[in-house]
Amino acid sequence: MTPLSQLIEAALFSANRPLTVEELQTLDAEATLADVRTALDQLREHYDFDQHAVELVELAGGWQILTRPAFAQAIEQAQFAQRTPRLTGAALETLAIISYRQPVGRAEIEEIRGVAAGGVLRALQERGLIEVVGRSEQLGRPLLYGTTPLFLELLGLKDLAELPRAEELTIALQPPRPAEPEAEAGADAAASVPSES
Amino acid sequence: MTPLSQLIEAALFSANRPLTVEELQTLDAEATLADVRTALDQLREHYDFDQHAVELVELAGGWQILTRPAFAQAIEQAQFAQRTPRLTGAALETLAIISYRQPVGRAEIEEIRGVAAGGVLRALQERGLIEVVGRSEQLGRPLLYGTTPLFLELLGLKDLAELPRAEELTIALQPPRPAEPEAEAGADAAASVPSES
Amino acid sequence: MTSPGTSAPQSPPTAALGADPGFVVQLDSFTGPLDLLLHLLREEQVDIADIPIARIADQFLSAIGQLGLNQAADYLEMAGRLLRLKAQMLLPRPSDEDWEDPRHELVRRLLEYQQIKEIVGWFERCAERRALQYPRGYIPPPPELPPVPLTLDLLQLLEAVQRVIDGIPEPVLHRVVPRPLDVEGATARIEALLADGARAEFNWREALGPRPTIVDVLSTFLALLELAKRGLLHLHQPAPFADMVIRRDTALAAH
């Protein structure tokens, strides 16, 4: 273990979310981003080589230490830790629409699902899985929603580009707007969308 | 790492409290208490020998994996460095509304920005930029916020009268109306009229 | 969306609507009318592109017979759509080339919804896999750090002011312009309610129409006042802030 790998291990152990390479860089004023990536690689290989019960996982744009799937059953049976509660069908459908069409307003979500969406949107916002990313230019300036990094964390995705592409789905219906993998651009993109249509 | 050390590592990592030797024994029906102690020793030696940033610590009658004290300072510094001296866009916008409309309640701020304001208000209060200045006479007597002397100090203003005028923010919004007028509100307003006639 | 109380009271469809006694579905397990519809199509093993509308519409109606009121609006809207389609399918077709399949829009929505369901399945598998991995359970409390010195200048604040102003929904007045008051439409709705001889009085909200906007409320209100002035109805309010009750003028009833 190099000193930087040690620092990174300590930081990842102390955080309750994935940490980005940039955040990890602040641990050592001398370290470059490349140094951080090398140290992350060393740490990951070390966990694998020594057959630790934990592994280094790239998640939601950052890195996190998680237990390996093989130990899930033992942890659950012993009840030392609790599983994250599952999402309801309504919540998953709403997330599916938002993740592919963000930034998207409530009316469009309701049209696709054929059901009022106010309650589900509020619940998803409270769980931190979606957020308001802007306002539409349309009449009444409705709020537009997008997914958060926590959504990626929940699904174990690195970024939105990992979502299956429309062509990969059996039902080959093109969504009106392709999924934009740039999560960060959310707020700015939201403002510019109506001018495209 | 033996299979039992792996199980113990997974359990100690995912548990939110120290686990006793007896609790750890439940992970493997075949294991004796002596086996668990041996595996704990192996795990501790492994962390020490490989110079991991974490160590196995016995406390409160149980065992826990903790980061070594040597890294505490580096992590604190990093967490400090990650805190920016700049306010977020959401914080600035909330501050803008409060500075021009004080005293103002949370509901009104949320109505104008269309986003929940609880977290931002707390952050602004912690930073000493806003404070509670009273309670509204409205139902539930919500708290009213105003800016602090520190706010003026940071902007280099003598008093609030020195703020440039922003009439749209002070006048045009009055009375604030929701983006989508709820039929309920309209109905009540209308229903109260006939009693005058 | 469905604010209870504002729309006319809708009684749930009863078992009388062509119920098949052997057909039982648990509505709680569906996320909405499209989900239920897809389930029925799968049960019947029919091609989505060629839905036997009459049969499916009947099954849909019998399935929602057991609905709770809070969900009713969404399902009833679909039921209405299916019944309209059923009627359209019975119309004589001009010729096969000119015939535009009235089911087209429903098929498009079903396909779109099926795509969403497929993504949901993918999400569930991802979440399931992710749930097998646990993060660290004990997170040390964050250290108490001295406050970071804050930078803030007037320009930043004014830029924020501009962003807030830009984000404010247009003033109510501007939004009224494209939808002027429709007193005539409201009058027609009220007269239709008055024409129902079975009831002597009704709640004024029944005259609002579905999903009323502020403009609808105002239109209805003006129409009510006008009709009351002309002596066609009586308005009264049982208690302060209670809903207005509309009563047919007895003279009119005799008429």
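Naming convention: chains lettered A, B, ... in sequence-line order (proteins, then strands); numbering from 1 in each chain. Fair warning: this is a prediction, and the values are worked out from it, not measured in the lab.
The part of A/Ala15 that comes within reach of chain C is its backbone (N, CA, C, O), which places non-hydrogen atoms under 4.5 angstrom from that chain. Of the two parts of C/Arg109, only the side chain, counted from C-beta on, holds a non-hydrogen atom closer than 4.5 Å to a non-hydrogen atom of chain A. Only the side chain of A/Ile75 has a heavy atom closer than 4.5 Å to any heavy atom of chain C. Contacts between A/Val54 and chain C at a heavy-atom distance below 4.5 Å are absent for every atom of the residue.
When the candidates A/Gly119, A/Ala90, A/Ser14 are compared by the number of heavy-atom contacts under 4.5 Å with chain C, A/Ser14 comes out ahead. The candidate from A/Asn16, A/Leu87, A/Val57, A/Leu59 with the greatest count of non-hydrogen atom pairs under 4.5 Å with chain C is A/Asn16.
Of all heavy-atom pairs spanning C/Arg130 and A/Glu153, the tightest one is NE-O, 3.1 Å. Nearest approach of A/Ile112 to C/Glu112, heavy atoms of both residues: CG1-OE1, 3.7 Å. The two atoms that bring C/Ile116 and A/Ile97 nearest to each other are CD1-CG1, 3.5 Å, heavy atoms only. For the pair A/Ala96 and C/Val120, the tightest heavy-atom approach, listed with the atom from each and the gap, is CB-CG2, 4.1 Å. Considering all non-hydrogen atoms of both residues, A/Gln64 and C/Pro135 come closest at NE2-CB, 3.8 Å.
Taking the six-membered ring for Trp and the full ring otherwise, the centers of A/Phe13 and C/Tyr138 sit at least 6.0 Å from each other.
Ion pairing between a basic and an acidic side chain is recognised when a charged N comes within 4.0 Å of a carboxylate O; A/Arg86 and C/Glu128 show such pairing.
With contacts defined as side-chain heavy-atom distances shorter than 4.5 Å, the pair C/Tyr134/A/Arg83 qualifies. For the pair A/Val115/C/Pro33, a side-chain contact is recorded, criterion being any heavy-atom separation below 4.5 Å from C-beta on. Annotation: side chain of C/Leu34 is not in contact with side chain of A/Arg113 (no heavy-atom distance under 4.5 Å).
Separation of atoms CG (A/Leu163) and CH2 (C/Trp122) is listed at 5.5 Å; rounding is to 0.5 Å. Atoms CD1 and CZ, from C/Ile139 and A/Arg17 in turn, are 11.0 Å apart once rounded to the nearest 0.5 Å. Rounded to the nearest 0.5 angstrom, A/Thr67 OG1 and C/Arg136 CZ are separated by 13.5 Å. Atom-to-atom distance recorded for C/Arg125:CZ and A/Leu155:CG is 11.5 Å, nearest 0.5 angstrom.
Enclosure of atom CD in A/Glu162 by more than 12 non-hydrogen atoms of other residues, nucleotides or ligands within 6.0 angstrom is indicated.
The closest side-chain donor-acceptor pair between C/Thr31 and A/Glu93 falls under 3.5 angstrom.
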Where do A/Glu55 and C/Gln133 land on the side chain to side chain contact (heavy atoms under 4.5 Å, CB included) test, with the steps shown first?
-> CA-CA 9 Å; A/Glu55 63 179 334; C/Gln133 300 196 274; 2.6 Å; yes
